[in-house]
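Reminder, nothing fancy here: chain letters follow the sequence lines and each chain counts from 1.
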Amino acid sequence: MSGIVAFGAYVPRLRLQRQAVFAATGWFNPALKTLAKGERAMARWDEDAVTMAAEAARDCLAGVDRGDITKVMLASTSLPFADRQNAGIVKEALNLADAVGTMDVTGSQRAGASALIDALQGSATSGPVLCVASERRRARPGSEAEMINGDAAAAILVGPGEPLARLVASYSIAVDFIDHFRSADKDFDYAWESRWAREEGYLKHAPAAVRGVLERAELTPADVDRFIMPAPMRGVHEAVAKACGIASEAVADPLEATLGDCGAAQPLLMLARALAVAKPKERLLVIGFGQGCDALLLEVARTAPATPDKLGVDGWLSRRKAETNYIKHLFFSGLIDLERGMRAEADQKTALTALYRNRKAVLGLVGGRCSKTGVVQFPRSEISVAQNDRAVGTQEDYPLADRRARIVTHTADNLTYTPEPPDYYGMIEFDGGGRMVTEFADVEAADVDVGKPMRMMFRIKAFDERRGFRKYFWKAVPDYLAPSGQ
Amino acid sequence: MASGIRDKVAILGMGCARFGERWQDDAEHLMVEAFQECLADAAIDVTQIDAAWLSVGFDAMNIGPSGIPLAMALRLPNVAVTKVENYCASGTEAFRGAVYAVASGACDIALAMGVEKLKDTGYGGLPVRSRGTMFDMVGVTGSAPGNFAQVASAYRAKHGVSREDLKRAMAHVSVKSHANGAKNPKAHLRKPISEEQAINAPMIAEPLGLYDCCGVSDGAACAIVTTPDIAHGLGKHALVTVKALALSVSNGWELQGMGWDGSYFHTTRIAARAAYHEAGIRNPRQEISLMEVHDCFSITELVTMEDLGISAEGNAVRDVLDGLFDADGAIPCQIDGGLKCFGHPIGASGLRMIYENYLQLLGRAGDRQRSTPPAYGLSHNLGGMPNQNVSAVAIVGLL
């Protein structure tokens, strides 16, 4: 039997306070006041759909053998590369074998749900498929979308074995209903009147998909225990449930107050949250909307085991820092150009040949372990760093990304250029050996001290603005899995 | 067994340009300024120079590649010029090249010149530069203060020193160097500061404030060296000779191995041991009476006192606060102002340190002359960053 075997999520730590957005833009667009409540997840400057996808995948794969994963799918409408497979970067970050399929799924807010259907339908024969959906959504300053959107990622591992949930039926409708669009050469969405989108789009296509999937499953609306539908406009999920005859108690929280709407990732985020608490036999109905509608009906097979080594949606949501500086959000999103000084002019060109040669170290944080002495180091080298045995050619791959580390040295640098000064960095040492100097992300001054536990996260190291490239590498963040951690 | 360099090479003359923001001057002017002084001191003609070594820290700016800029600036008689770069230890590296050439007998008279024209970047601090394709993908492009500030974090953790106590000791290091620099007409920064100013200065890289950081300067310094016999033959009587020259380069252990705790400079300890052995010094705290160390940051100078074996491990804070390294202390350190106030034109700094020791040994240091001329002058010239560096220790003394 095949089905969902693991799930995970990632939510960036910063939460933009909607009141702060309104305080800055309400003079221009007073109507935003109705949305100026709660908070939304906001990516840091060094996070994008790829980095968040990698983190959600790591959350999903905690305790899971990655060796037999056959495919990585990445669904998003905010992928950083138009021609360089983004799922392929996630594959490298996860240090998966090269003999694995990768696929970007994009073009619609429905991409996440569509990818999941594809994974569930295809995995029975191919082996485990990692389906990740991730969005870092940009919106024009002062727009409703800026209030509504959120940045986050979810990952669902589908495969053979004893599933947590299995697919009972799916149903898809494709209709070129353009409530909004974003052409390939534009930064922002162009949206039509929301009342029309609600009445003629959501309230017609979603119920049709719900009816279709229930019919295929030979079930009734009363059989739905959890109705999982994002709400990019207020109350639309409840209206659809009502129109379909699904009980209001079954309607899942679309997380608009705490997370925001994370586009293609939202259905998977909500599903990951539901799976964490779902009980056997419960039926989950997942809706993905966008130029039509996808509906997935899942039946829970067993309760998800307790996993101390992952956070899940609620765990990530509680790892938060309120951000009240709207300008910071604009700067992190590239929507305002602050004076960065000459140090920011340093050329960030990447030698693609060198990146390819060293891709395991750079993208996968794979170090070396001397097979003779057991000494671990980063990066690996021809001759071991061990002082007492300079063994030649003995290094074997040694992944460090999931190892906990502790701070050995640190500083907070106000002189070097970083988009969020000061630049915290220092030397860290991994449990089990190996050390490196790296930047610290998501830290406050109090988090940084010799001996403090850290964990690694896949982040953007720098942007090569001249060539439109971005460098990815690993940074250390306070150990979010520590009992007393954040 | 190597016989070492002790007393095989004498300094025939030295020169040093005024360090500072030399907005009007190119590297050429700086080199000529230092060289004219040096040549007059050596009392030889330029045509007597057999070979030259040129040190520059920042390759891409300044004078560009090769030894040609030195040969052109000084109109050298088409002799060999070797350009060297070893981070901020480049100056001592040039000196080492010239000294070893003379010691080997390959040439009679050799020139070491260090120069740096830093104030053409358009911004303060050292220029941002690549450290190679791999580093640029996985390394941290932090500033120099950020790299060295980390030593303070580890030193505090290791020795249980409070931030306040360390800040106060670091402030004392800088206050002392400012007082010394004020007496030096060639120094870049010539204003005394108070401990309070140092402690309350704007933060550059935690815990290093503005006054914990050395000046970034334009400048040049040079030495002409020969054998003691030739020097005597040229009419020189009081001779300063090279007692030891040691250089230790990180092999990655601090950065990649396990065991280094980040609180000290592994290479300095190695270089210091080698230099003391070569010079025949058994008890540095008793025998060394004058030091010019690489005080790129106050914390560097502080821990270097331990790495050089002058202060016992964990005792540098106390020795600094006791005034041991002040101008009127038992072992003055940076009596010329140091990198902190004389300035830090990268390629020239190692030679500038030797220049001060040379003047003090000969009793020619003007207002800042030690009343009792020292037996030895030690210079410590460090390049790179604490976890990956080049450390040079040079000891000179009267023959």
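- Across B:Trp253 and A:Gln387, no two heavy atoms sit closer than the pair CD1-CG, 3.2 Å.
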Inset, instruction - Show your reasoning for whether side-chain contact (heavy atoms from CB on, under 4.5 Å) applies to A:Tyr425 and B:Asn147. - result: CA-CA 9 Å; A:Tyr425 56 87; B:Asn147 285 324; 4.0 Å; yes

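- Of the possible polar contacts, none joining the A:Asp413 side chain to the B:Gly142 backbone as a donor-acceptor pair under 3.5 Å is found.
- Side-chain contact between A:Phe378 and B:Val138 is present, with at least one heavy-atom pair separated by less than 4.5 Å.
- Within the 4.5 Å cutoff, side-chain heavy atoms of A:Lys461 are placed close to those of B:Thr141.
- No side-chain heavy atom of B:Val151 sits less than 4.5 Å from a side-chain heavy atom of A:Thr409.
- Heavy-atom distances place both the backbone and the side chain of A:Leu355 under 4.5 Å from chain B.
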Inset, instruction - Could you check B:Met137 against A:Phe473 for side-chain contact (heavy atoms from CB on, under 4.5 Å), going step by step and ending with a plain yes or no? - result: CA-CA 7 Å; B:Met137 292 189 291; A:Phe473 189 53; over 6 Å; no

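- Nearest heavy atom pair, residue B:Val128 against residue A:Ala346, reads CG1-CB, 3.6 Å.
- Under the 4.5 Å side-chain criterion, counting only non-hydrogen atoms from C-beta, A:Val437 is in contact with B:Leu255.
- Put simply, of A:Pro422, A:Ala351, A:Gly434, A:Ala386, the one with the most heavy-atom pairs under 4.5 Å next to chain B is A:Gly434.
- Closest non-hydrogen pair, A:Thr416 versus B:Ser143, comes out as CB-N, 3.6 Å.
- With a 4.5 Å cut-off on non-hydrogen atoms, A:Val448 does not touch chain B at all.
- When A:Met427, A:Gln377, A:Lys471, A:Glu439 are compared by the number of non-hydrogen pairs under 4.5 Å with chain B, A:Met427 comes out ahead.
- Neither the backbone nor the side chain of A:Val375 comes within contact range of chain B; no heavy atoms are under 4.5 Å apart.
- Taking A:Asp449, A:Val362, A:Ile407, A:Asp347 one by one and counting their heavy-atom pairs under 4.5 Å with chain B, the maximum is reached by A:Val362.
- The contact between A:Ala412 and chain B is made by backbone and side chain atoms together, counting heavy-atom distances below 4.5 Å.
- No donor-acceptor pair closer than 3.5 Å links the side chain of A:Asn414 to the backbone N or O of B:Ala205.
- The contact between A:Arg390 and chain B is made entirely by side chain atoms (from C-beta outward), counting heavy-atom distances below 4.5 Å.
- A pairwise comparison of heavy atoms in B:Thr121 and A:Met342 identifies O-SD, 3.6 Å as the closest pair.
- Between the side chain of A:Arg435 and the backbone N or O of B:Glu254 there is at least one donor-acceptor pair closer than 3.5 Å.
- A distance-only check finds a donor-acceptor pair linking the side chain of B:Ser153 to the backbone of A:His410 [under 3.5 Å].
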